[in-house]
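One structure is given here, and the rest of the page talks about it.
As the structure lists them, so they are numbered: ligands from 1, and atoms in each ligand from 1. All residue numbers in this chain count up from 1 along the given sequence. Keep in mind that this is a model prediction, so the values were computed, not measured.
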Amino acid sequence: MKMPMNSRTIITGTGHYVPPRVVTNQDLEKLMDTSDEWIRERSGIVERHHIDGRVGTSDLAVEAARRAIADAKIEPSSIDFVVAATLSPDHYFPGIGVLVQAKLGLGTIGALDVRNQCSGFIYALSAADQYIRAGTYKRILLVAAEVQSTNLDFSDQGRDMSVLFGDGAGAVILEPNGEDDGRGILSTHLFSDGRFAAHLWMEKPCPMDNPTFQRGFFDEGRFFPRMDGRNVFVNACQRMPEAVRAGLEANGLTVDDIDALIPHQANDRISLMVAKGLKIPVEKVVRNIQRFGNTTAASIPIALDEALKDGRIKRGNLVALTAFGSGYTWASAFIRW
Ligand code: UT7
């Protein structure tokens with residue numbers, strides 16, 4: 001949906017955090033039948049970060065949030081709502097929203113958890129944007145974070161997935177734009193097709209099973225995430241451009257108007273196919289999967305923070321975000337910086 005200009009939401013601070021431990025493709029070669037060459041050629045990934053010891057997704061989220069808060073130059077106490085996106089919460093329940101809220105000492109403000117996997121950041125951004133434009137909240141902390149490394153199948157059977165994913169977090173601060181200067185979120189477009197749920201999922205634990213946790217499922221490796229990689233690949237290459245075109249059309253813009261495209265960092269080949277499908281010059285595409293792998297909900301805010309800090313995104317730029325992932329879900333957001 002297109003937003004009226006006088007009430008747009010702006011991003012006033014960004015931050016990201018990845019755990020210090022770097023895991024290279026060579027490290028993974030020691031665990032399974034894979035190679036640096038295969039991983040680079042098929043995904044573009046060179047290294048990713050994995051947590052060490054007992055670190056939760058909420059811990060990464062809190063570090064990213066602290067950096068976004070510092071970047072926005074605000075007091076944490078001025079935040080009036082938290083939105084948190086992850087597919088890898090610290091616990092089965094509650095979600096990480098309340099844990100982030102408590103660890104940052106944010107009193108009793110509300111905390112919403114968003115479960116839209118790789119599209120989680122844009123879904124969360126869309127929800128936060130509605131709250132801001134409605135006047136419900138004035139300053140929202142949006143965090144997206146993942147710890148994938150503790151539940152990947154590092155045997156040969158799981159090599160298609162386990163080489164792709166990394167741990168990390170990104171955060172943004174959202175506020176209403178007090179000025180009529182055109183800056184802010186122009187649109188968000190959200191899509192899903194649940195018929196494809198089983199093509200990219202973590203099947204177990206499943207409360208329909210009684211009991212939910214069964215040794216047999218464990219022995220069969222059904223507590224690990226699984227995917228039909230080719231089907232995900234084809235759909236991601238098709239759906240992300242569709243979502244971007246929906247945003248362009250709603251805003252009366254053309255592809256040439258886009259200054260920076262930040263696709264979810266799923267696979268560098270997918271990012272390049274999305275650019276090709278949209279006929280966007282590759283120089284305009286923000287790509288950092290080489291260093292982080294696929295950090296699911298966190299990938300877009302990490303890339304956004306990097307692109308802002310290194311000057312690739314400047315005041316006045318049109319920034320397009322797009323994502324595709326488990327659900328299937330896919331989405332786009334357009335932001336005038
Ligand atoms: O955020 C959304 C989450 N997921 C994605 O975005 C993933 C989307 N899919 C992909 O990125 C790609 O499909 C993969 C990177 C997962 C796989 O690349 P591909 O070019 O589609 O390879 P493939 O699945 O067609 O597999 C080719 C071969 C297979 O061997 P055979 O059957 O040809 O003998 C695989 O068993 O590569 C093998 N293979 C591996 N070899 C070495 C699969 N994973 C690996 C691996 N190392 N890690």
Legend entry - Best match, His199, Gln117, Glu41, Arg159: closest heavy atom to atom 35 (C) of ligand 1: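 Comparing heavy atoms across His199, Gln117, Glu41, Arg159, the nearest one to atom 35 (C) of ligand 1 lies in Arg159.
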Legend entry - Minimum non-hydrogen distance to atom 20 (O) of ligand 1, winning option of Arg42, His264, Gln157: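 Among Arg42, His264, Gln157, the closest heavy atom to atom 20 (O) of ligand 1 belongs to Arg42.
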Just heavy atoms, cut-off under 4.0 Å: does [X] contact ligand 1 by side chain, backbone, both, or neither?
X: Leu200; answer: side chain
X: Val163; answer: side chain
X: Asn294; answer: side chain
X: Ser43; answer: neither
X: Met227; answer: side chain

Inset, instruction - Kindly indicate, with the supporting measurements, whether the criterion side chain to side chain contact (heavy atoms under 4.5 Å, CB included) is fulfilled by Thr329 and Phe191. - result: CA-CA 6 Å; Thr329 57; Phe191 304 93; over 6 Å; no
Inset, instruction - Specify whether Phe81 and Tyr137 have parallel, tilted or perpendicular ring planes, treating 30° as the upper limit for parallel and 60° as the lower limit for perpendicular. - result: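 Plane angle under 30°, so parallel.
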Legend entry - Minimum side-chain heavy-atom gap Leu272-Arg287 below 4.5 Å: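 Yes. Closest side-chain heavy atoms under 4.5 Å.
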Looking only at distances, can you tell me whether any N or O atom of [X], backbone or side chain, sits closer than 3.5 Å to an N or O atom of ligand 1?
X: Asn267; result: yes
X: Trp38; result: yes
X: Leu164; result: no

Inset, instruction - Could you walk me through whether Ser58 and Lys103 pass the side chain to side chain contact (heavy atoms under 4.5 Å, CB included) test, one step at a time? - result: CA-CA 8 Å; Ser58 68; Lys103 287 177 185 179; 2.7 Å; yes
Can you confirm whether something in the protein, heavy atoms only, sits under 4.0 Å from [atom]?
atom: atom 32 (O) of ligand 1; answer: no
atom: atom 37 (O) of ligand 1; answer: yes
atom: atom 5 (C) of ligand 1; answer: yes

Under 4.0 Å from a heavy atom of [X]: give me the atoms of ligand 1 that qualify, with their elements.
X: Val232; result: 4 (N), 5 (C), 6 (O), 8 (C)
X: Asp160; result: 16 (C), 44 (N)
X: Gly229; result: 8 (C), 9 (N), 13 (O)
X: Arg269; result: 18 (O), 20 (O)
X: Ala266; result: 1 (O), 6 (O)
X: Arg230; result: 13 (O), 21 (O), 23 (P), 24 (O), 25 (O)

Legend entry - Within 6.0 angstrom of Gln26 CD, more than 12 heavy atoms from elsewhere: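 Counting neighbours around CD of Gln26, more than 12 heavy atoms of other residues, nucleotides or ligands fall under 6.0 Å, so yes.
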Inset, instruction - Might you confirm whether atom CZ of Phe93 has over 12 heavy atoms from other residues, nucleotides or ligands at distances under 6.0 Å? - result: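 Not buried by this count: 12 neighbours or fewer within 6.0 Å.
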[X] heavy atom under 4.0 Å from ligand 1:
X: Ala236; result: no
X: Met32; result: no
X: Met161; result: no

Inset, instruction - Examine distances only and state if a side-chain atom of Asn294 and a backbone atom of Leu164 form a donor-acceptor pair shorter than 3.5 Å. - result: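 Checking the backbone N and O of Leu164 against the side chain of Asn294, no donor-acceptor pair under 3.5 Å is found.
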Inset, instruction - Apply side chain to side chain contact (heavy atoms under 4.5 Å, CB included) to the pair Leu60 and Thr57, showing each step before the final yes or no. - result: CA-CA 5 Å; Leu60 304 188; Thr57 300; 5.7 Å; no
Inset, instruction - Would you mind checking if Lys309 and Glu306 are paired as a salt bridge, meaning a charged N to carboxylate O distance below 4.0 Å? - result: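 No salt bridge links Glu306 with Lys309.
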Please tabulate, for the side chains in residues 166-175, all donor-acceptor contacts under 3.5 angstrom to protein atoms that are two or more places apart in sequence or on a different chain.
| unit_1 | atom_1 | unit_2 | atom_2 | d |
| --- | --- | --- | --- | --- |
| Asp167 | OD1 | Gln148 | N | 2.7 |
| Asp167 | OD1 | Ser149 | N | 3.0 |
| Asp167 | OD2 | Ile51 | N | 2.9 |
| Asp167 | OD2 | Ser149 | OG | 2.6 |
| Glu175 | OE1 | Arg139 | NH2 | 3.3 |
| Glu175 | OE2 | Thr12 | OG1 | 2.9 |
| Glu175 | OE2 | Arg139 | NE | 2.9 |
| Glu175 | OE2 | Arg139 | NH2 | 3.3 |

Inset, instruction - Apply the test salt bridge (Lys or Arg N to Asp or Glu O under 4.0 Å) to residues Lys138 and Asp80: give CA-CA distance (whole Å), side-chain angles for both, the deciding distance (0.1 Å), then the verdict. - result: CA-CA 7 Å; Lys138 295 261 177 293; Asp80 53 7; over 6 Å; no
Legend entry - For Asp181, the option from Arg8, Arg315, Arg336 that meets salt bridge (charged side-chain N to carboxylate O under 4.0 Å, His left out):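 That would be Arg315.
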Inset, instruction - Could you check Arg48, His49, His50 and say which one makes a side chain to side chain contact (heavy atoms under 4.5 Å, CB included) with Arg21? - result: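 For Arg21, the side chain to side chain contact (heavy atoms under 4.5 Å, CB included) check succeeds only for His50.
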Tabulate below the donor-acceptor pairs under 3.5 Å that side-chain atoms of residues 276-284 make, not counting sequence neighbours, or state none.
| unit_1 | atom_1 | unit_2 | atom_2 | d |
| --- | --- | --- | --- | --- |
| Lys284 | NZ | Ile258 | O | 2.9 |

Inset, instruction - Look at atom 47 (N) of ligand 1 and say which protein heavy atom is nearest, naming residue and atom and giving the distance to 0.1 Å. - result: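 So the nearest neighbour among protein heavy atoms is Thr34 OG1, 2.7 Å.
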